[in-house]
Amino acid sequence: MTGKVPSFSPGSTVSSALPGYVALCLALQVHRLASVDVTLDPDTANRYLVLSEDRKRVRRGDRCQDLPDKPERFDPCACVLGAEGFTGGRRYWEVGVGDKTRWTLGVCRESVSREEWVTHTPEDGYWAVRLRDGGYVALTSLWTPLPVSVRPGRVGIFLDYGAGEVSFYNVTDGSHLFTFTDTFSGTLRPYFYPGLNAGGTNAAPLIICPVPAPAGGNLGP
């Protein structure tokens with residue numbers, strides 16, 4: 001997927017010329033039926049992270065804040081979890097990444113260690129996709145490079161707990177980025193890492209965006 005509008009030959013139909021595109025569009029629409037209102041959990045936020053008052057934005061600050069010591073707070077890794085925990089069903093949310101040069105997004109087990117550097121592998125309880133130094137990768141045991149033609153300004157994350165899948169989408173052009181397949185147990189939570197400021201070039205926040213809601217309600221229990 002490149003985001004370019006394809007051309008049609010005489011007599012062709014949308015379904016014959018765009019089967020992959022149509023399937024992706026339909027997949028996103030179905031996933032959006034499972035949208036959930038994700039907010040950030042300040043008790044898990046590393047002391048360098050600054051959260052907005054509505055808990056929808058997170059950015060890396062310039063200094064370590066004086067915050068209460070809590071066992072759920074990440075230290076030393078500058079990341080934060082969503083407040084919502086999922087133990088079943090289907091859930092979907094979208095995160096605006098804009099022109100940021102570094103970020104990591106996904107889900108993790110609620111039980112992950114908060115006192116170690118994060119390795120972001122499924123073996124350690126993370127299912128995540130990352131941007132760094134212009135390269136997009138799925139953080140599998142051996143990282144999987146992702147061929148991205150159109151830079152995503154917004155990333156969609158779809159968790160199907162029962163099927164053991166976490167899928168990532170480039171909402172900007174409707175393309176599928178990657179799907180992890182695993183067996184889940186316990187509570188999973190959204191995961192956010194806004195990355196280092198990199199001299200101000202990556203100072204913008206990650207933003208949890210409102211999801212356009214198609215008719216049909218929420219597919220999750």
Side-chain angles (χ1 to χ4, degrees), residues 35-87 91-122 124-132 136-139 152-159 161 166-169 171 177 180 184 186-198 200-211:
S35 63
V36 60
D37 183 21
V38 171
T39 55
L40 300 168
D41 180 357
D43 289 341
T44 66
N46 178 272
R47 289 178 172 84
Y48 275 94
L49 295 185
V50 179
L51 277 55
S52 62
E53 187 174 346
D54 63 359
R55 299 179 185 175
K56 293 289 187 177
R57 299 175 179 239
V58 56
R59 63 178 176 85
R60 171 74 181 237
D62 296 324
R63 61 182 181 83
C64 183
Q65 303 171 85
D66 184 16
L67 297 174
D69 252 338
K70 299 200 174 202
E72 56 265 50
R73 192 179 305 286
F74 280 94
D75 183 21
C77 187
C79 50
V80 60
L81 300 184
E84 296 71 27
F86 309 129
T87 56
R91 302 290 187 270
Y92 177 81
W93 61 97
E94 293 180 359
V95 182
V97 297
D99 293 326
K100 288 180 67 62
T101 58
R102 295 184 179 191
W103 48 259
T104 304
L105 296 170
V107 300
C108 71
R109 292 195 189 100
E110 187 172 52
S111 60
V112 295
S113 172
R114 314 299 169 88
E115 299 178 354
E116 300 175 358
W117 288 106
V118 174
T119 57
H120 291 129
T121 63
D124 290 321
Y126 293 85
W127 296 267
V129 164
R130 185 181 81 175
L131 166 65
R132 180 178 292 179
Y136 297 85
V137 296
L139 296 172
R154 184 184 292 202
V155 175
I157 302 166
F158 178 66
L159 167 65
Y161 192 105
V166 183
S167 297
F168 296 82
Y169 292 87
V171 178
L177 294 173
F180 289 90
F184 300 136
T187 301
L188 301 183
R189 294 174 68 176
Y191 175 84
F192 306 84
Y193 173 75
L196 299 175
N197 281 349
T201 60
N202 192 46
L206 292 172
I207 304 171
I208 302 171
C209 302
V211 176

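Side chains are part of it too, since the values below use all heavy atoms of this structure and drop only hydrogens, waters and symmetry mates.
- Within 6.0 Å of the CZ atom in R57, the count of heavy atoms belonging to other residues, nucleotides or ligands does not exceed 12.
- Looking at every heavy atom in both residues, L105 comes nearest to F168 through O-CE2, 3.4 Å.
- Side-chain N or O atoms of R189 include one that pairs as donor or acceptor with a backbone N or O of G82 at under 3.5 Å.
- Ring orientation note: the planes of Y92 and F158 are tilted relative to one another, at an angle of 30° to 60°.
- Tested against V155 for a side-chain contact (heavy atoms from CB on, under 4.5 Å), the candidates Y136, W103, Y169 yield a single pass: W103.
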>> What verdict does the side chain to side chain contact (heavy atoms under 4.5 Å, CB included) test give for F192 and I208, after you've listed the backbone C-alpha separation in whole Å, the side-chain angles of each residue and the deciding distance to 0.1 Å?
In response: CA-CA 10 Å; F192 306 84; I208 302 171; 3.8 Å; yes
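- Of all non-hydrogen atoms in R60 and L49, the two that sit nearest each other are CA-CD2, 4.1 Å.
- Between F86 and W93, the two ring planes are tilted [angle within 30° to 60°].
- Once rounded to the nearest 0.5 Å, the distance linking CD of E94 with CD1 of I207 reads 13.0 Å.
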>> Show, in sequence, the C-alpha distance, side-chain angles and deciding distance for V50 and V58, and conclude whether the side chain to side chain contact (heavy atoms under 4.5 Å, CB included) test is met.
In response: CA-CA 6 Å; V50 179; V58 56; over 6 Å; no
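- Among all heavy-atom pairs drawn from S52 and K56, the shortest one is OG-N, 3.2 Å.
- Other residues, nucleotides and ligands contribute at most 12 non-hydrogen atoms within 6.0 Å of the CG atom of D62.
- Residue D99 holds its CG atom at 11.0 Å from OG1 of T201, rounded to the nearest 0.5 Å.
- Residue D41 comes nearest to L51 through the heavy atom pair C-CD2, 4.4 Å, listed as atom of the first residue, atom of the second, then distance.
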For residues 70-78, please give each side-chain donor-acceptor pair under 3.5 Å, one per line with the distance, not counting sequence neighbours.
residue : atom : partner : partner atom : Å
K70     : NZ   : D43     : OD1          : 3.1
R73     : NE   : P68     : O            : 3.1
R73     : NH1  : P42     : O            : 3.2
R73     : NH1  : A45     : O            : 2.8
R73     : NH2  : P68     : O            : 3.1

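- Looking only at distances, a side-chain donor or acceptor of K100 sits under 3.5 Å from a matching main-chain atom of N202.
- Y161 places a side-chain heavy atom less than 4.5 Å from the side chain of L188.
- Here the side chains of R47 and D69 are in contact, with some heavy-atom distance below 4.5 Å.
- When all heavy atoms of A128 and F180 are compared, the pair lying nearest together is O-CZ, 3.3 Å.
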>> Checking W127 against L159 for the side chain to side chain contact (heavy atoms under 4.5 Å, CB included) test, could you report, in this order, the C-alpha distance in whole Å, the side-chain angles of both residues, the deciding distance, and whether it holds?
In response: CA-CA 10 Å; W127 296 267; L159 167 65; over 6 Å; no
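- The CD1 atom of I157 lies 12.0 Å from the OH atom of Y191; values are rounded to the nearest 0.5 Å.
- Under the 3.5 Å distance criterion, the side-chain polar atoms of T187 are left unmatched by any main-chain donor or acceptor of E110.
- Residues that satisfy the side chain to side chain donor-acceptor pair (under 3.5 Å) test with T121, not counting sequence neighbours, are D124.
- Residue pairs meeting the salt bridge (Lys or Arg N to Asp or Glu O under 4.0 Å) criterion with at least one member in residues 78-87, sequence neighbours excluded, do not occur.
- R55 CZ: 12 or fewer foreign heavy atoms inside a 6.0 Å radius.
- Residues C64 and Y48 come closest through the heavy atom pair N-CE2, 3.3 Å.
- A heavy-atom distance below 4.5 Å is not found between the side chains of V211 and R154.
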